[in-house]
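In what follows, a structure is listed as structure tokens, so that the remarks can point back to it.
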Amino acid sequence: MEAARTHIALVSIPAFSHQVSILEFAKRLINLHQEHTFHFTCIIPTFGSPTNASKPFFDSLPPTIHYIFLPPVDCEDLQVNGVPIEIQIQLSVSRSMPLVREALTSLINSSGSSKVVALIADGMAIEALEFGKEFNILSYIYFPCSIMLLSLCLHSSELDEKVSCEYRDHPKLIEIPGCIPVHGKDLPNSVQERSSLKYKLFLKRGQKYRCVDGLLVNSFMELEPDATRAISQESRCNPPVYPIGPITQSGPSDPKNGWECLLWLDKQPPNSVLYVSFGSGGTLSQDQINELALGLELSKRKFLWVNLRAPNDRASATYFNGEGVEDPLHFLPLGFLERTKGKGLVMSGWAPQIEVLGHKSIGAFLSHCGWNSVVESVVQGVPMIAWPLFAEQRTNAALVTDGLKVALRPKANSSGNGLVVKEEISNLIKRLMEGLEREEIRGRMKELQKLAACAMMKDGSSTCTISKLAFKWKSLGRSLED
């Protein structure tokens with residue numbers, strides 16, 4: 001007799017880090033419940049063709065996970081006019097909704113014995129939730145960020161009423177239930193400039209989140225215990241929250257980039273190397289590239305700097321297209337590569353981040369604090385230098401520095417230009433790579449690493465949470481078959 005089959009539709013956004021997170025969740029659920037045949041189909045709006053760096057990941061997906069890259073929508077007007085990255089994503093997804101509905105309709109009509117029982121949409125693809133109602137299937141949000149940020153989204157309307165000025169100008173810390181209070185300037189880009197479209201869309205998303213069947217969040221109870229308890233106690237106001245993390249990438253990275261850095265790391269002493277990466281799209285100005293390079297050199301510590309990009313004064317300039325035509329190594333200070341030869345390795349390409357962070361030679365991680373990178377750092381037990389650039393990264397940086405206390409955060413110089421100078425960078429590297437402070441931070445991160453491993457065990461909090469969802473979806477699949 002053929003095993004029962006249950007089909008889940010996913011809707012992601014044109015951002016590889018978001019696509020990885022939601023698909024890794026699907027892989028984890030399938031691996032945990034192999035006795036039941038789960039099928040996932042991920043519908044992905046696009047700006048253009050997938051990047052070369054993403055191809056190995058999609059090629060490695062199991063046969064029960066399918067993906068559909070929709071035809072690209074025309075968003076040239078958004079890029080030409082310098083529209084903020086959050087708006088570009090939101091509007092590109094909005095313009096793709098007719099294509100999403102068409103793909104979902106085809107999936108439901110042709111699923112055969114594998115019944116579509118639920119729709120899970122990325123937190124920035126909320127318009128897809130209307131299709132769940134239309135097709136009478138359960139609707140969920142997949143939130144690839146922290147519970148702290150989810151709580152901020154759910155309480156955005158209340159905060160909007162309490163605070164009258166711009167958040168960055170608010171004289172007091174912003175209170176988020178169950179979370180550490182944060183400075184207004186550390187709230188996401190989306191809530192800065194309250195008269196802007198991005199702020200209005202942020203408020204709208206927060207309201208829509210309250211109207212779903214559940215919120216899946218890439219965190220785990222032990223990482224954010226107070227925030228988890230606070231958000232769970234509001235069950236009468238909010239839909240159920242499912243902390244299903246830590247979800248990290250397990251598929252292969254581009255090997256031709258990975259081999260070089262891993263071979264180099266093999267030759268370095270344990271805990272001796274600072275790993276530097278600003279994620280899949282972060283960029284620095286020319287002045288900041290110079291200061292960072294000189295700070296690495298001044299620290300006299302070993303380093304691996306990957307994903308180096310040509311300079312740009314806009315931090316998110318390469319978020320959708322990180323494959324430029326200019327060689328970024330040309331923008332490093334004159335003589336830097338020669339002077340640091342043998343002590344550092346700089347790469348313009350991708351690196352297999354999970355493998356790098358798990359390597360015995362890595363002692364710390366200078367990160368842009370994208371949530372995927374934060375979670376990966378926790379899973380591998382690597383202390384951080386928190387260097388946020390855009391989106392929600394400043395909020396994540398506040399959490400890891402002031403809340404979890406597993407990171408140090410650089411301070412910009414006093415001139416007001418936002419530049420972090422080489423002396424500050426060197427000092428932070430030394431503090432995190434040697435001495436008593438290093439041991440204290442490393443000890444706290446190792447405790448979080450243990451908690452992350454426990455959450456993923458057979459009876460761990462994350463595994464049990466995923467199993468609750470799987471049981472519900474299995475039951476629906478069987479009832480539809482009957």
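Predicted model, so just to flag it, every value in this text is computed and none were measured.
- Put simply, the side chain of S146 reaches to within 4.5 Å of the side chain of E224, judged on heavy atoms.
- We find that D77 and R95 are joined by a salt bridge, their nearest charged nitrogen and carboxylate oxygen being less than 4.0 Å apart.
- A salt bridge is defined here as a Lys NZ or Arg NE, NH1 or NH2 lying under 4.0 Å from an Asp or Glu carboxylate O, and E24 with K27 meets this definition.
- Exactly one residue among L399, V182, L187, N189 makes a side-chain contact (heavy atoms from CB on, under 4.5 Å) with R394. That residue is N189.
- Shown here for S54 and F16, the closest heavy-atom pair between the two residues is CB-CE1, 3.3 Å.
- With sequence neighbours excluded, no residue forms a salt bridge (charged side-chain N to carboxylate O under 4.0 Å, His left out) with D74.
- Between G282 and L389, the shortest heavy-atom distance links the atoms CA-CD1, 3.6 Å.
- Proximity of a side-chain donor or acceptor of Q288 to a complementary backbone N or O of V420 within less than 3.5 Å is detected.
- In terms of heavy-atom proximity, S17 sits nearest to N372 at O-ND2, 3.0 Å.
- The backbone N or O of R194 sits less than 3.5 Å from a side-chain atom of E166, completing a donor-acceptor pair.
- Scanning for salt bridge (charged side-chain N to carboxylate O under 4.0 Å, His left out) contacts around E447 gives K450, with sequence neighbours left out.
- In this pair, F58 and F69 present their aromatic rings perpendicular. The plane angle is above 60°, beyond the 30 to 60° band.
- The list of salt bridge (Lys or Arg N to Asp or Glu O under 4.0 Å) pairs with a residue in residues 333-347, not counting sequence neighbours, reads E297-R339.
- For the ring-ring contact (aromatic ring centres under 6.0 Å, His included) condition, no pair includes a residue of residues 414-452, sequence neighbours left out.
- Checking side-chain atoms of Q90 against main-chain N and O of M124 turns up a donor-acceptor pair under 3.5 Å.
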Could you give me the CA-CA distance, side-chain angles and deciding distance for Y67 and F40, then say whether ring pair (Phe, Tyr, Trp, His ring centres under 6.0 Å) is met? CA-CA 8 Å; Y67 56 90; F40 287 86; over 10 Å; no
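- Checked against salt bridge (charged side-chain N to carboxylate O under 4.0 Å, His left out), D186 has the following partners two or more places apart in sequence or in another chain: R409.
- Distance check: Q353 CD to E376 CD gives 4.5 Å after rounding to the nearest 0.5 Å.
- Here the closest heavy-atom approach between residue G370 and residue N396 is recorded as C-ND2, 4.1 Å.
- Identified under the ring-ring contact (aromatic ring centres under 6.0 Å, His included) test for residues 272-295, with sequence neighbours left out: Y275-F365, F278-W387.
- A donor-acceptor distance shorter than 3.5 angstrom exists from the side chain of N218 to the backbone of I247, with no hydrogens or angles considered.
- Within a 6.0 Å sphere centred on NE2 of H170, other residues, nucleotides and ligands contribute more than 12 heavy atoms.
- The distance from atom CD1 of I231 to atom OG1 of T228, rounded to the nearest 0.5 Å, is 8.0 Å.
- Between R28 and S462, the shortest heavy-atom distance links the atoms NH2-OG, 3.7 Å.
- Side-chain atoms of T46 come within 3.5 Å of backbone N or O of L70 as a donor-acceptor pair.
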